[in-house]
Amino acid sequence: MTQHPGLLLTATLFTAAPAFADNQAFTEGAFLLTSILLVLVILALALTLYSLGRRQQKLQRLRASFNELLAETQGVIAVLDRNLSLQNGSSSLKRILKHEETTTVSAPLNLYADAAAKEPINYKVKHQLRAEGRWNGAAWLYNGQTSEAFQLSIQAIQPDKLRAPVYLLYGQNISQLRRENEQQLQQQLRDSDTLLPNKKLFEEQVRMTIQSCDDHYPATAVMYIQLTPVFPEYPVAAPPDFSQLAMQVAIRLQQTLPFKLLLARYQHDAFAVLVPPHLCNENSTIYVNQLAHKILGCFDPQEADSLSRALNIYIGISISPSDGLDAESLLNSAEKAAEKAAIQGKNGLCFADSASQFQAPDYLALEAELERSAKQGEFEVYYQPRLSISSNRIIGFEALLRWPSPFRGMLPPPTFMPLVEETGLIIRLDRLVFRKACEQVKLWQKAGQMRGKLALNISNQQFEQADFLSFMATVLEENELNADLFELELPETIFNHPTIWLRERLHSLVRMGFTLILDNFGEGVSSLTQLRQYPLHGVKLSSSLIKAIEQQEQQRNICATLIRLTNYLELSVAATNIETEKQAYLLHIMGCDSQQGYHFSKAVPASEIGRLLARESSLLKIKAVNE
């Protein structure tokens, strides 16, 4: 059946009309939805911009408040990075660090544990911040010229895990507080008039000094200086103010006393002096006695100055451990001794120990006698032979000083050498011994009696003299002698001199021909390093080591070890003060062949050396016949 074209077109139009209507509705709906979404986006953007604006305003207000806080705070505030570099800080902090007044700075903030900026603590602070997130403590800020103390608190702040933490620092300046505390402490420990240590600090120093005493330095001494004003024009009931006098006395004492001593104002009318252990050796009684007379001498009432005429001075002296084992008893002993001195008369001194007090006046007379004898050349030189145990022969001598005092008789060195060393006479006497020894060696050479080398004791005072080398060379030249005839026994105290200077001086002596021996080896502080680095030829064992080798196995072991060590170092070794045959035997089997002491012979005048040599020859002949 054939359709009509017109009818077909009509049918198509009627069919497409609903589809077109649906598309139009869809388009309109999409447009409406898009419009709504656009409006929402615009609203969201507007809200975001509004929120950002408000947040920016809030941040600006916070920043302004923070900057205001930084500018006005009396403390210090800072923002630091993880390396403790300053990112921003308060005006007070910038002024301390000498930064310009800008909003931000970037500079390292260096913290120190001390005002001198010698001990930085940045590493310690950073380590604790990274471990615990906070640090609290006192620290010093240093700007290159001055430093100030602060009590600081540092707290870590980490906004999120992606960003490195920053640190917020807050602190208060405690420099003034520290100064006030120091002033308060000074007031507690210092006398307000003289600024010297007061009783509390002095007693603490005495206590610490007594505790520091040991076998090498076993003693310390205290001098109590009692002042009694003389004011005849004032009634006893109304004495004048003592402050001015005390200040004048303090100045005079400071000018008189060596700086190594501690001077304190112990009472309003008394001063005290602490003599440290290294000055209180076996001659401590002599030293403090001289010191006390020196003090009395600067307050001589016969002098014209008003201070000396206005005061009576009484000095009490106590020495530990004999006069007290602790600070309290030692000071009490000194104070009681000063009271005794006041009873004895005007301007005097008194030892707490009766034996020392008995000797005290004699020291001044002894010193005067030594000076006179030294000027007149009254000292004599004795000679003690040194033997070889293996051969039973005399292999040398040691020159020893003797003093035939016109008033006291023949005196051995222990009775006067401490005073000689204290007064400086030791230099003159050392030179006297060398001159006489050279003269005697020349006589022995002519008589055929010279054996080995002659040993001479050289004091540290003589050794350090500028003209020591030239003096030795001159005396040798005058007597036409060679230096290789002599051994110089040097004390361990030479090691206190500068290394370069000491090495050069010792090498100079060796070049001259002297044999150098270290005396009293094993008693002091000499070490193997010192024995190796200096041109020494041998050592002489300390008599304190030898004294107990018969009874104490430990002492024997020490001696044997020292002898072996010296042999390893290719040094000769000798022993002195041998008193028994057993001591000689033990040392011989340990490897010490060269010995001297009372067991063999005491020191004798040069006139008896011929007799000793003749006796030796006689004994050797008898031994040869018997063999």
Side-chain angles (χ1 to χ4, degrees), residues 219-228 230 248-264 266 269-276 278-305 307-319 322-323 330 333-375 405 407-408 415-426 461:
T220 189
V222 168
M223 302 175 63
Y224 187 91
I225 306 172
Q226 179 69 53
L227 310 178
T228 303
V230 179
Q248 295 178 47
V249 170
I251 293 172
R252 188 165 297 186
L253 288 175
Q254 287 174 309
Q255 294 173 344
T256 303
L257 294 171
F259 71 92
K260 298 178 182 180
L261 309 183
L262 176 64
L263 173 66
Y266 194 73
D269 60 349
F271 289 81
V273 178
L274 175 63
V275 183
H278 71 277
L279 296 177
C280 285
N281 52 23
E282 58 186 9
N283 309 323
S284 58
T285 305
I286 298 175
Y287 179 75
V288 293
N289 180 65
Q290 292 176 323
L291 199 61
H293 278 94
K294 191 175 182 180
I295 295 172
L296 293 175
C298 73
F299 292 99
D300 188 351
Q302 303 300 322
E303 295 293 331
D305 67 287
L307 182 60
S308 297
R309 294 198 309 269
L311 290 170
N312 286 334
I313 308 293
Y314 309 112
I315 302 178
I317 302 171
S318 60
I319 303 175
S322 58
D323 299 326
L330 193 63
S333 297
E335 190 170 354
K336 291 179 180 178
E339 294 174 0
K340 292 181 182 179
I343 296 173
Q344 293 174 1
K346 188 175 183 179
N347 284 20
L349 68 91
C350 184
F351 281 84
D353 178 61
S354 58
S356 298
Q357 176 60 22
F358 179 76
Q359 294 175 337
D362 192 47
Y363 285 131
L364 293 180
L366 187 62
E367 184 176 343
E369 291 178 34
L370 282 167
E371 182 70 29
R372 184 190 59 79
S373 294
K375 288 181 179 179
S405 170
F407 307 102
R408 305 167 189 267
T415 60
F416 62 87
M417 284 304 294
L419 190 55
V420 165
E421 292 173 352
E422 292 290 345
T423 57
L425 281 173
I426 186 66
Q461 294 96 315

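Keep in mind it's a predicted model, so treat the numbers as computed, not measured. Scope of the values below: all heavy atoms of this structure, side chains included, with no hydrogens, waters or symmetry mates.
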Go through the steps to decide whether Tyr266 and Tyr224 satisfy the test ring pair (Phe, Tyr, Trp, His ring centres under 6.0 Å), and finish with yes or no.
CA-CA 8 Å; Tyr266 194 73; Tyr224 187 91; 5.8 Å; yes
Please report the C-alpha distance between Leu262 and Val273 in whole Å, then the side-chain angles of each, then the deciding distance to 0.1 Å, and finally whether the side-chain contact (heavy atoms from CB on, under 4.5 Å) criterion is met.
CA-CA 6 Å; Leu262 176 64; Val273 178; over 6 Å; no
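Put simply, NE2 on His293 and CD1 on Ile315 are 8.5 Å apart, with the number rounded to the nearest 0.5 Å. The OG atom of Ser333 lies 10.0 Å from the CD atom of Glu335; values are rounded to the nearest 0.5 Å. One distance of note links CD1 of Ile313 with CD of Gln226; it measures 9.0 Å at 0.5 Å rounding. With values rounded to the nearest 0.5 angstrom, Lys375 atom NZ is found 9.5 Å from Leu425 atom CG. Put simply, NZ on Lys336 and NZ on Lys340 are 8.5 Å apart, with the number rounded to the nearest 0.5 Å. Taken to the nearest 0.5 Å, the CZ atom of Phe351 stands 9.5 Å off from the CG atom of Asp323.
In this structure, Ser318 contributes its side chain and Leu330 its backbone to a donor-acceptor pair below 3.5 Å.
Of all the heavy atoms in Tyr314 and Ala342, the pair that sits closest is CD2-CA, 3.4 Å. Leu349 and Ala341 make their closest contact through C-CB, 3.9 Å (heavy atoms, listed as atom of the first residue, atom of the second, distance). The minimum heavy-atom distance linking Ala337 with Ile317 is given by the pair CB-N, 3.9 Å. When every heavy atom of Leu291 is checked against every heavy atom of Met223, the shortest pair comes out as CD2-SD, 3.7 Å.
No side-chain heavy atom of Asp269 sits less than 4.5 Å from a side-chain heavy atom of Thr228.
Test Val275, Leu253, Val288 against Leu261 for side-chain contact (heavy atoms from CB on, under 4.5 Å) and you get one pass: Val275.
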